[in-house]
Amino acid sequence: MQVLVVGAGLSGAVIARELAEAGHMVTVVESRDHLAGNCHTERDPETGVMVHRYGPHIFHTDDVEVWNWVNRFARFRHYVHRVKVTARGRIYSLPVNLHTINQFFGKTMRPDEAAQFMARQGKDGAASRLRSFEDQALCSVGRDIYETFFQGYTCKQWGRHPSRLPASVFRRLPLRFSYDDNYFNHRFQGIPEEGYTEMVARILDHPHVTVILRARFSKKHAGGYDHVFYSGPLDGYFSCRLGPLAYRTLNFEVSIHKGDYQGCAVMNFADGDVAWTRVTEHKHLAPWESHESTICYREFSREAGPDDIPFYPIRLVREKALLKKYQTLAAREGHVTFIGRLGTYRYLDMDVAIREAIDAARRFIRRHERVRPLWNLPETGLSGRDNRGGPVREEEVVS
Ligand code: UDP
């Protein structure tokens, strides 16, 4: 079949590859001038440092199949993400761990003591329903830590008070009663040695895949294809006709220095009166390289306007109505599958985006594969069933 994939980010690239390997012909259109969407990386010409142009992307997953899948296309270097935070004139370690707790409260507690101490700090969560970020944070870490590390940062990052954001955003971060300061809990963690853009280029490097950059999708392009996988903004597909969905976008202030600027890849700034959320020093994202100079991105978050690159879909606790309406419209587009962070309007990590893309592609492939004639089936004794063990369904038979 002829398939159009809109967007050459991770979701689009993975779908394109899976479909191409199954024999479909795929065209990928991308509005920007580069591959890899927001995980795009490029070498800074002045310092030679590999820069994560849209902010730091660390690959982490517990999904063995996804890990093996990406490792087909890139050599991943072991990398453990360790984040520091500047708050009220001091530096702490994130995610909140035994070091953070002891340092913050001026104590020398062991793990079980800290766990009991934090349980007393936390508000009784059973009474509230823990629907909001704030409820969840107060219950888990108590008011002092919440107000120092989370409240100001979250207001800056999301432009909304944490009482309006869902608890799931807070739950992205672990709370640990050990000195483990790895930002992520997942079993596999790394960064592609040659960057994400090179990895996506290899994913798309298949004779059945044609990639067109700087090509803005419009619905009239879909006509020539049997199916479309769309990874652009969900509201944008419908020309925002029900009103725009809200996204946050980021601005980066770039600076170049000699040597080492901050000693770590990411320094968060938790205080509400500091305008930026964090500083990324990109060379620390590739500790296997060495560079004399260093390039830093100071990150500012703001509401996305119609011409901005959307970064984060803003899902609020109480405002789901507009999204539901768009989802209803999307469900009626029979020949279009909406995928990825923007296409499904969700805050997705890279591994989840890839898992969902693999699954979506395989569902499509199963629906459209030729069912082998019965006389070619292996001797299973299950006559009338296909080679996956399920009943042969009408829609699977392509004449
Ligand atoms: N967060 C915070 N202070 C921090 C780091 C994170 O308040 O120093 C909050 C913030 O609301 C953020 C959420 O925790 O959106 C999840 O953090 P994560 O690092 O997963 O956010 P990401 O940068 O991946 O979007």
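Counting starts at 1 for both ligands and their atoms, following the listed order. Computed over heavy atoms, backbone and side chain alike; hydrogens, waters and symmetry mates excluded.
Of all protein heavy atoms, the one closest to atom 14 (O) of ligand 1 is Leu173 CD1, 3.7 Å. Taking atom 3 (N) of ligand 1 as the reference point, the nearest protein heavy-atom neighbour is Phe149 O, 3.0 Å. When only non-hydrogen protein atoms are considered, atom 23 (O) of ligand 1 lies nearest to Arg278 NH1, 3.6 Å. Nearest protein heavy-atom neighbour of atom 24 (O) of ligand 1: Arg172 NH2, 3.0 Å.
Of the candidates Phe311, Tyr92, Trp158, it is Trp158 that places a heavy atom closest to atom 15 (O) of ligand 1. For atom 8 (O) of ligand 1, the nearest non-hydrogen atom from the set Asn268, Val85, Asp349 belongs to Asn268. Closest to atom 13 (C) of ligand 1 by heavy atom, among Val83, Val169, Val266, is Val169.
Classification of the His60-His186 ring pair by plane angle, with boundaries at 30° and 60°, yields parallel. Taking the six-membered ring where the residue is Trp, Phe364 and His227 present tilted rings, their angle falling between 30° and 60°. Using a 30° and 60° split on the angle between ring planes, His99 and Tyr179 fall in the perpendicular class, above 60°. Using cut-offs of 30° and 60° for the angle between ring planes, the Tyr347 and Tyr312 rings count as perpendicular.
Defined by atom type and a distance below 3.5 Å, a donor-acceptor pair is missing between the side-chain atoms of Ser239 and Arg241. A side-chain donor from one of Arg248 and Ser301 sits under 3.5 Å from a side-chain acceptor of the other.
Geometrically, Arg72 engages Trp69 in a cation-pi contact defined by less than 6.0 Å to the ring centre and at most 45° from the axis.
Annotation: His282 is in aromatic contact with Tyr297 [ring centroid separation under 6.0 Å].
If you number the atoms of ligand 1 from 1 as listed, the ones under 4.0 Å from a heavy atom of Tyr347 come out as 15 (O), 21 (O), 22 (P), 24 (O), 25 (O). In summary, the atoms of ligand 1 found under 4.0 Å from a heavy atom of Leu94, numbered by their order in the structure, are 4 (C), 8 (O). Each of the atoms 2 (C), 7 (O), 9 (C), 10 (C), 11 (O) of ligand 1 lies under 4.0 Å from some heavy atom of Thr154. Atom numbering of ligand 1 starts at 1 in the shown order; those under 4.0 Å from a heavy atom of Tyr312 are 23 (O), 25 (O). Near Tyr183, meaning under 4.0 Å from any of its heavy atoms, are these atoms of ligand 1: 5 (C), 17 (O), 18 (P), 19 (O).
Inclusion of Phe133 in the set of residues having an N or O under 3.5 Å from an N or O of ligand 1 is not warranted. Ligand 1 has an N or O atom lying under 3.5 Å from an N or O atom of Phe150, backbone or side chain. Residue Tyr153 places no N or O, backbone or side chain, under 3.5 Å from any N or O of ligand 1.
Looking at Arg355 and Asp359, a side-chain N of the basic residue comes within less than 4.0 Å of a carboxylate O on the acidic one, giving a salt bridge.
Results of the salt bridge (Lys or Arg N to Asp or Glu O under 4.0 Å) test with Glu18 over Arg363, Arg366, Arg362 single out Arg362 as the only residue that passes.
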